[in-house]
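First comes the structure, then the notes that go with it.
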Amino acid sequence: MNYWLVKSEPDKYGWHHFVEQGRAIWDGVRNYQARNNLNAMRVGDQVLFYHSVTNPGVVGLAKVVKEAYPDPTAANELNAPSTRWVVVELEPVLALPAPVTLSRIKAEPLLANVALIKQSRLSVMPIRPDEFEMILKLGQD
DNA sequence: GCCAACGTTGGC
DNA sequence: GCCAACGTTGGC
């Protein structure tokens, strides 16, 4: 079991929209490091859903339901999906009772090394098990 | 709206 | 291969 965090701007694709749809094709990733992380996801892995830009923070938990395949929104010269970029499919699991804001994450010593803080622009990143547990715990109250 | 961080592009 | 210019992301 691996743990991840994905970012989305709530004005573009927020948690609410995700829950309404019931399933998301996580497309549009155009960064190699983020792409490599998508490729490493396995069915059943747990994924923290983070809102960036507007009220930044972790708002919910999702799970991987389909592993990486070519991104249909990334066409190559032959107008076929490029194999360079990939998508995964995610389903919502639960909304956190209390969103864990970025400022709260920054204030927690055990979360001082999360990629979210170290690499602020990365949109798909791994989360250590202890970090994952801490964020879920903070989201309970 | 501003700005820092950082990835990409293109000239040389 | 280096580096300046530029575009994008994301926090504030």
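Throughout, a chain's letter reflects where its sequence line sits, starting with A, and its residues are numbered from 1. Heavy-atom basis, side chains included; hydrogens, waters and symmetry copies ignored.
With rounding to whole Å, A:Asp11 atom CG is found 13 Å from C:dG10 atom C1'. The CD-C1' distance, from A:Gln119 to C:dG11, rounds to 16 Å in whole Å. The distance from atom NZ of A:Lys12 to atom P of C:dT8 is 10 Å, rounded to the nearest whole Å. Atom CD1 of A:Ile105 is separated from atom P of C:dG10 by 14 Å (rounded to the nearest Å). Rounded to an integer number of Å, the gap from CZ of A:Arg104 to C1' of C:dC12 is 20 Å. When the P atom of B:dC6 is taken as reference, atom NZ of A:Lys7 falls 11 Å away, rounded to whole Å. Atom-to-atom, OH of A:Tyr32 to P of B:dT8 comes out at 7 Å; the value is rounded to the nearest Å. Distance, A:Lys118 NZ to B:dA5 P: 14 Å, rounded to whole Å.
For the residue pair A:Tyr3/A:Glu133, the side-chain donor-acceptor check at 3.5 Å is not satisfied. Under 3.5 Å, the side chains of A:Asp45 and A:Trp4 contain a donor-acceptor pair of N or O atoms. Side-chain contact of A:Arg30 with A:Thr73: a donor-acceptor pair under 3.5 Å is present, judged by distance alone.
A:Leu122 and A:Ile135 fall within a single hydrophobic cluster, where Ile, Leu, Val, Met, Phe, Trp and Tyr side chains are chained together by heavy-atom contacts under 4.5 Å.
The aromatic rings of A:Tyr13 and A:Phe49 are tilted relative to each other, their planes meeting at an angle between 30° and 60°.
Of the residues in residues 50-60 of chain A, those placing a heavy atom less than 4.0 Å from an atom of DNA chain C are A:Tyr50, A:Ser52, A:Val53, A:Pro56, in numerical order.
The A:Asn31 side chain lies nearest to B:dG7 when the options are C:dG11, B:dG7, C:dG10. In the set B:dC6, B:dG7, C:dG10, the nucleotide with an atom closest to the side chain of A:Arg121 is B:dC6.
The list of side chain to side chain donor-acceptor pair (under 3.5 Å) pairs with a residue in residues 91-100 of chain A, not counting sequence neighbours, reads A:Arg23-A:Glu91.
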